[in-house]
Amino acid sequence: MRLRWGLIDVLVVLYALIPVLWIVSLSFKDPSTITDGALLPTKWTWSNYAGIFRNDDFTRGLVNSIGIGLIATFIAMLFGTMAAYAIARLTFPGKRALIGFSLLIAMFPQISLVTPLFQIERALGLFDTWPGLILPYVTFALPLTIYTLSAFFKEIPTELERAAKMDGATPFQAFWKVIVPLAVPGMVTTAILAFIFCWNDFLFAISLTSSSAARTAPATISFFTGGSQFEDPTGSIAAAAVVITIPIVVFVLLFQRRIVAGLTSGAVKG
Amino acid sequence: MAEIVLDGVSKRFPDGTTAVHDVNLTIADREFVILVGPSGCGKSTTLNMIAGLEEISAGELRIDGVRVNERAPRDRDIAMVFQSYALYPHMTVRENMAFPLTLAKTPKPEIAAKVQHAAELLDLTALLDRRPANLSGGQRQRVAMGRALVRDPKAFLMDEPLSNLDAKLRVQMRTSISRLQKRLGTTTVYVTHDQTEAMTLGDRIVIMESGLVQQVGAPQDIYDHPANRFVAGFIGSPAMNFLPAEVHDDGLHTVIGTIPVRRAGLPREVVAGIRPELFQDTRIRHGASFTGTVDIIESMGAEKLAYFTFEPGTSFTQETQVVARLDAKSPISEGDPTTLWYDPAAVHLFHPETGVNLTR
Ligand SMILES: Nc1ncnc2c1ncn2[C@@H]1O[C@H](COP(=O)(O)OP(=O)(O)OP(=O)(O)O)[C@@H](O)[C@H]1O
Ligand SMILES: [Mg+2]
C-alpha cells in the first residue's frame with residue numbers, strides 16, 4: 001500500500017518536474033548541442049547565462065519586473081489591508097457589493113480588457129510606462145489580497161481590539177499595534193502571492209508595452225533573437241526562464257514556513 | 001477613584017433588540033458593585049456602555065458628575081478585564097502590562113516601576129518575560145488583572161473574569177480580587193452570573209433580568225428582602241421553594257398543608273416562598289410544620305439536601321417539589337415520612353401575577 005502511494009508520488013513529481021528539468025538542462029547546453037535531444041547536456045556551458053546578463057534588454061526587463069512588481073504589491077497591500085480589515089470587522093452599507101465586485105474582478109477574463117486598456121492607456125499617455133502596468137496589476141491583485149487578508153483578520157479575536165481600546169488605543173493604534181503584528185504571517189503570505197501574480201503576468205506586459213521602458217522580464221524573453229539570423233535563441237530563452245523562476249521557488253519556500261506560524265495562540269482562553 | 005452614575009440608560013441594538021432598559025444606578029466612589037443575572041439579561045451590554053465599547057441609545061452616563069456618553073473608551077480612564085482575558089499574544093507579560101502606559105506615553109522608568117509593582121501585587125514577577133501562550137489559565141487571568149491595574153484607572157470593569165477558571169482557582173481568585181479591591185479602593189463594576197460570586201464579592205448587588213434592573217442592594221438585604229419572585233429565586237442556593245397558595249381565614253392552603261399566616265390585604269391567591277435553609281428537622285420544634293416523604297437525599301458533606309415531592313391533589317394541579325437544607329447530622333433518611341419545622345413569619349408571599357413581594 002505504502003509502496004504504491006510512493007510510486008504514484010514519484011510519477012506525479014516526475015510528470016510535473018520533467019519540463020522544468022528539461023529547461024534547466026537546455027539552459028546549460030552549448031548552442032551546438034542544443035538540438036541533440038539528450039536530457040543531460042553533453043557540453044556544459046554558462047555562456048547562455050552570461051549572454052542574457054550581457055543583454056541590456058533582459059537586465060532592464062528584470063529591473064522592470066522587480067520594480068513594477070514591488071510597487072504594485074505595495075499598493076495592493078496598502079489598500080487591500082484596509083479593505084480587508086473593514087470587511088472583517090465592520091458592517092457598512094455596500095459591504096456585500098464590495099465583496100461581490102472584488103470577486104467579479106478576480107474572475108474577469110483579463111484578455112477582454114486588453115484592447116480597451118490599450119486604447120485608454122495610449123490616450124492617457126500611460127502606454128509603455130511603469131504606471132501603465134502597475135494600474136492593472138493592482139486591480140487584479142486587490143481582490144486576491146482582500147480575500148486572503150480578510151480571512152486572516154477574521155481569525156483574530158475581536159476582544160483584542162476592544163482590550164486595546166480600553167487600554168487607551170485609538171482605533172488606528174489598535175489596528176497598527178495589535179492587529180497588524182498578529183496578521184503579519186498572513187500579510188507576508190498575501191504579499192508574496194500578489195507579487196508572484198505580477199511577476200508571472202505575460203498578457204498585460206506584452207500588450208501594454210512597446211519598448212524596454214516598462215517591458216517586464218517574461219515579455220522581454222519573447223523578444224529574444226539570436227546574435228545573427230542563423231543563431232538559435234533557445235539556450236538564452238531557457239536560461240532566462242530559469243532566472244525568472246528562481247524568485248518564485250525562493251518565495252514558495254519562505255511562504256510555506258510562514259503559513260505554519262500560529263501566532264494567535266494564547267490570546268483568548270485557549 | 002470615581003463615582004459612576006447611570007441615569008435612565010438604555011440600549012437598543014440596530015436589529016431592534018432592547019438589551020438594557022432604563023437603568024438608574026449610582027455607583028459610589030470606591031464601591032464594589034456586582035451586576036448579576038441570567039444569561040442574556042444585558043449585563044455585558046451595561047458594562048460595555050460604561051466602558052464606551054457600546055453606544056448608549058438613551059439616558060446619560062456620568063463619571064464624577066461629567067457626562068461621558070460621547071467619549072471614546074480611552075478618554076474615560078477606565079480599565080476592563082475581559083472574560084477571555086484578551087491578552088496580546090505577540091507581547092510578553094511585561095509588554096502586555098506596559099501597553100496601557102506605553103500608549104499614554106509614560107516615561108520608561110516609570111513604566112518599569114509600575115509594571116514591577118503590579119507584578120509583585122499579583123505574584124507575576126517570575127513570568128514577566130513569558131508570552132501568554134505559555135501561561136496557565138490562572139496566570140493569564142492575573143496578567144489581565146495586572147494590565148488593568150497598572151495605570152491606576154478611575155474604575156475597573158470586569159466581565160465574568162473568573163468564569164474560565166476551574167472551581168478551586170475561582171474561589172482562590174475571588175478572595176484575592178476582593179482583597180485587592182479593598183486595598184486599592186478603586187470603584188469596581190463586576191459582572192457575573194454566579195450568585196455565589198455576587199453574594200461574596202460586592203458591597204452591593206444589582207440583579208438584572210431581560211434588560212431590567214430587578215433590585216439593587218447589599219447582598220444580605222437582597223437575600224432577606226427580595227423585591228420579587230425572580231430575585232428570590234435567583235439569589236440563594238438551592239433556590240427558594242415556591243408554593244401556590246390559597247388565602248383563607250386560617251392561613252394559606254398549600255400542598256404542604258396550611259401555613260399559619262394571616263395578613264390583611266392579600267389577594268385571593270399568592271405564591272408562598274420558603275428558603276430551603278428555613279426548614280429544621282424534628283430536633284428543633286417550633287413554628288409551623290409539615291410532613292412528607294423524603295424522595296432523595298443529597299449529602300454535601302457539611303449539609304444535607306432533602307427533596308420532597310407532593311403529588312397533585314384536589315386543589316393543586318401541579319406536582320410540587322420542596323427542598324430542605326438540613327444539618328449533616330440530621331437523622332432523616334430516604335423513603336421515611338419526615339416532619340420538618342419552619343418559622344411561618346419568615347415565609348415570603350409573592351403576588352401570583354406580578355411576582356411582587358407582598359411581605360417586604
Ligand atoms: N450586537 C448585538 N445585536 C443585537 N442584539 C445583541 C447584540 N449584542 C447582544 N445582544 C442581545 O442583547 C441581550 C443582552 O446581551 P448581553 O451580552 O448583555 O447579555 P449578558 O447578560 O452579558 O449574558 P451572558 O451572561 O450570556 O454573557 C441578549 O439578548 C443578546 O442577544
Ligand atoms: Mg456577558
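Note: hydrogens, waters and symmetry copies are ignored here, and every other heavy atom, side chains too, is used.
Across every non-hydrogen atom of Arg147(B) and Ala163(A), the tightest pair is NH2-CB, 3.6 Å. The two atoms that bring Pro89(B) and Leu160(A) nearest to each other are CD-CD1, 4.0 Å, heavy atoms only.
Contact annotation for Asn48(B): only side-chain heavy atoms (C-beta onward) come within less than 4.5 Å of a heavy atom of chain A. Looking at Thr158(A), there are no atoms closer than 4.5 Å to chain B (heavy atoms on both sides), in backbone or side chain.
For Ile8(A), the CD1 atom counts as densely surrounded, since its 6.0 Å shell holds more than 12 non-hydrogen atoms of other residues, nucleotides or ligands. Within a 6.0 Å radius of CZ in Phe74(A), no more than 12 heavy atoms belonging to other residues, nucleotides or ligands are found. Counting non-hydrogen atoms of other residues, nucleotides and ligands closer than 6.0 Å to CZ of Phe101(A) gives a total of 12 or fewer. Few gaps surround OH on Tyr147(A); more than 12 heavy atoms of other groups in view lie less than 6.0 Å from it. When the shell of 6.0 Å around CZ of Phe92(A) is examined, it contains more than 12 heavy atoms from other residues, nucleotides or ligands.
Of the possible polar contacts, none joining the Tyr88(B) side chain to the Lys177(A) backbone as a donor-acceptor pair under 3.5 Å is found. Not a single donor-acceptor pair under 3.5 Å links the side chain of His90(B) to the backbone N or O of Ile179(A).
With sequence neighbours excluded, the residues that form a salt bridge (charged side-chain N to carboxylate O under 4.0 Å, His left out) with Glu161(A) are Arg89(A).
To the nearest 0.5 Å, atoms CG (Leu157(B)) and CE (Met166(A)) are separated by 5.5 Å.
Residue-level contacts of residues 49-78 of chain B with chain A, in order of numbering, are Ala51(B), Leu53(B), Pro73(B), Arg74(B), Ile78(B); threshold 4.5 Å between heavy atoms.
No side-chain heavy atom of Asp167(A) sits less than 4.5 Å from a side-chain heavy atom of Met80(B).
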